[in-house]
Amino acid sequence: MAIQSYESYDMLLKQFLLPHPFVPYISMLVGMFACKLVYDLNHLLSAAYFKSYSNLSKMQRIEWNNRAISTVHALFITAMSLYLVFWSDLYSDQQLNAFVTLQSSPLSTFALGVSVGYFLTDLGMIFWFYPALGGLEYVVHHLLSVASVAYAMLTGEGQLYTYMVLISETTTPGINLRWYLDTTGMKGSRTYLINGVVIFIAWLQEYSCSCICSTICTCTINSL
C-alpha cells in the first residue's frame with residue numbers, strides 16, 4: 001500500500017512539475033531587470049535626442065518611459081509568439097507526444113516568464129502612481145494577464161493558446177506611438193493619420209490570425 005502511494009505521488013510530481021523548475025523564476029527576474037534597463041535607457045536617450053521630452057511634466061516623462069517598456073515587451077513577446085506558434089516544431093503534429101495543450105519547452109516557458117516579469121513590474125508602477133498610469137481597468141487587465149500567463153508558465157499547460165492570445169500584442173507599439181505623437185503635439189500630422197490606419201489593419205490581421213490559430217488547434221486536437 002505504501003509503495004503504491006509513493007508511486008502515485010511520484011507520478012503526480014512528474015505530471016505537474018516542469019522538467020526545468022528554475023526556468024520560470026529566472027525568466028521572471030530577467031523580465032523585471034529588462035524593464036528597469038529599458039526604462040533607464042529610454043530616459044537617457046529621450047533626454048539627449050528629443051527636445052520635447054524636457055518640456056514634459058514629471059508624470060508625462062514617467063509614462064513616456066513606461067510606454068517604452070510596454071513597446072519593447074510587445075515586440076519581444078509578439079516575435080516569440082509568432083515563432084513558437086507558426087515556425088517552431090514545438091506544436092507540430094509531427095512532433096506531438098501528447099496533447100497539444102500539454103506541449104512546452106524551456107524556451108516557451110522562459111518567454112512566458114519574461115512576460116510575467118513585465119506584467120508584475122508594470123502592475124507595480126500602476127499601483128505606485130495610481131491612477132496616473134491607468135485606472136481600475138488596467139489593474140484588472142494586468143491581474144488577469146499575470147494569472148493566466150503564470151499558470152501556463154508554471155504548469156506547462158495551455159501554452160499554445162496563451163501564445164495565440166499574446167500575438168495580440170502586435171497592436172501595442174502602434175498604440176504607444178499614437179500616445180507619443182499626441183503628447184508631442186503631432187495629433188494633426190499625417191504620421192498620426194497613418195498610425196491610425198496601421199493600427200486598424202493590425203487589428204484586422206490579429207483577428208484573422210486568431211481565427212486561423214483556433215482552427216489549426218481544433219483540427220490538431222480532433223486528430224489525436
Side-chain angles (χ1 to χ4, degrees), residues 16-46 62-91 100-129 133-134 138-177 179 202 206 209-210 213 217:
F16 289 100
L17 288 183
L18 291 169
H20 305 278
F22 296 107
V23 170
Y25 308 106
I26 293 173
S27 58
M28 286 169 59
L29 292 175
V30 169
M32 293 177 183
F33 175 77
C35 289
K36 172 62 175 173
L37 183 63
V38 171
Y39 186 96
D40 291 341
L41 281 176
N42 188 72
H43 171 68
L44 293 173
L45 293 174
S46 298
I62 290 172
E63 185 168 0
W64 179 290
N65 298 324
N66 176 266
R67 285 181 180 271
I69 300 173
S70 170
T71 300
V72 172
H73 166 260
L75 293 173
F76 166 77
I77 202 63
T78 298
M80 292 303 302
S81 298
L82 291 172
Y83 168 73
L84 289 169
V85 173
F86 292 106
W87 289 293
S88 76
D89 293 329
L90 182 59
Y91 308 113
V100 69
T101 54
L102 302 177
Q103 293 294 109
S104 65
S105 71
L107 178 61
S108 65
T109 301
F110 181 87
L112 290 178
V114 172
S115 193
V116 171
Y118 157 74
F119 280 119
L120 289 174
T121 302
D122 202 37
L123 186 62
M125 291 188 69
I126 290 173
F127 278 131
W128 187 263
F129 297 105
L133 292 180
Y138 279 79
V139 174
V140 173
H141 170 269
H142 278 49
L143 287 175
L144 291 175
S145 298
V146 168
S148 57
V149 178
Y151 176 83
M153 173 191 68
L154 292 171
T155 65
E157 295 183 14
Q159 289 194 1
L160 173 60
Y161 296 115
T162 304
Y163 278 116
M164 286 164 53
V165 173
L166 287 172
I167 291 175
S168 64
E169 287 290 320
T170 50
T171 57
T172 300
I175 294 171
N176 287 338
L177 176 59
W179 181 89
E206 173 188 316
C209 182
S210 298
C213 287
C217 286

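Starting from 1, each residue takes its place in the sequence as its number.
Side-chain atoms of Gln159 and Thr109, non-hydrogen and from C-beta on, do get closer than 4.5 Å to each other. No side-chain heavy atom of Thr101 sits less than 4.5 Å from a side-chain heavy atom of Glu157. Counting only heavy atoms from C-beta outward, the side chains of Gln103 and Leu160 never approach each other to under 4.5 Å.
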Original post:
How far apart are the C-alpha atoms of Asp122 and Ile69, what are their side-chain angles, what is the distance that settles it, and do they pass the side chain to side chain contact (heavy atoms under 4.5 Å, CB included) test?
Top reply: CA-CA 9 Å; Asp122 202 37; Ile69 300 173; 6.0 Å; no
Original post:
Taking it one step at a time, do Ile62 and Tyr39 satisfy side chain to side chain contact (heavy atoms under 4.5 Å, CB included)?
Top reply: CA-CA 9 Å; Ile62 290 172; Tyr39 186 96; 3.7 Å; yes
Subject >> Worked verdict on Val85 versus Tyr161 for side chain to side chain contact (heavy atoms under 4.5 Å, CB included) >> reply: CA-CA 9 Å; Val85 173; Tyr161 296 115; over 6 Å; no
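A side-chain donor-acceptor contact under 3.5 Å links Ser27 to the backbone of Pro24. Panel note: side chain Ser46, backbone His43; no donor-acceptor pair is recorded below 3.5 Å. Glu169 contributes no side-chain N or O that, together with a main-chain N or O of Thr78, makes up a donor-acceptor pair within less than 3.5 Å. Proximity of a side-chain donor or acceptor of Ser108 to a complementary backbone N or O of Ser104 within less than 3.5 Å is not detected.
Remark: Leu75 CG to Thr71 OG1 distance equals 6.5 Å, nearest 0.5 Å. Tyr151 contributes atom OH, which lies 10.0 Å from atom OG1 of Thr162 (distance to the nearest 0.5 angstrom).
Counted within 6.0 Å of CZ on Phe76, heavy atoms from surrounding residues, nucleotides or ligands total more than 12; the atom is thus considered enclosed. By the neighbour-count criterion of 12 heavy atoms within 6.0 Å, atom CZ of Phe129 is densely surrounded, having more than that number from other residues, nucleotides or ligands.
Between Tyr163 and the options Leu82, Leu112, Val149, a side chain to side chain contact (heavy atoms under 4.5 Å, CB included) holds for only Leu112. When each of Leu166, Ile167, Leu107 is paired with Met80, the side chain to side chain contact (heavy atoms under 4.5 Å, CB included) condition holds for Leu107 and for no other.
The aromatic rings of His73 and Tyr118 sit parallel to each other, their planes meeting at less than 30°, with 60° as the upper class boundary.
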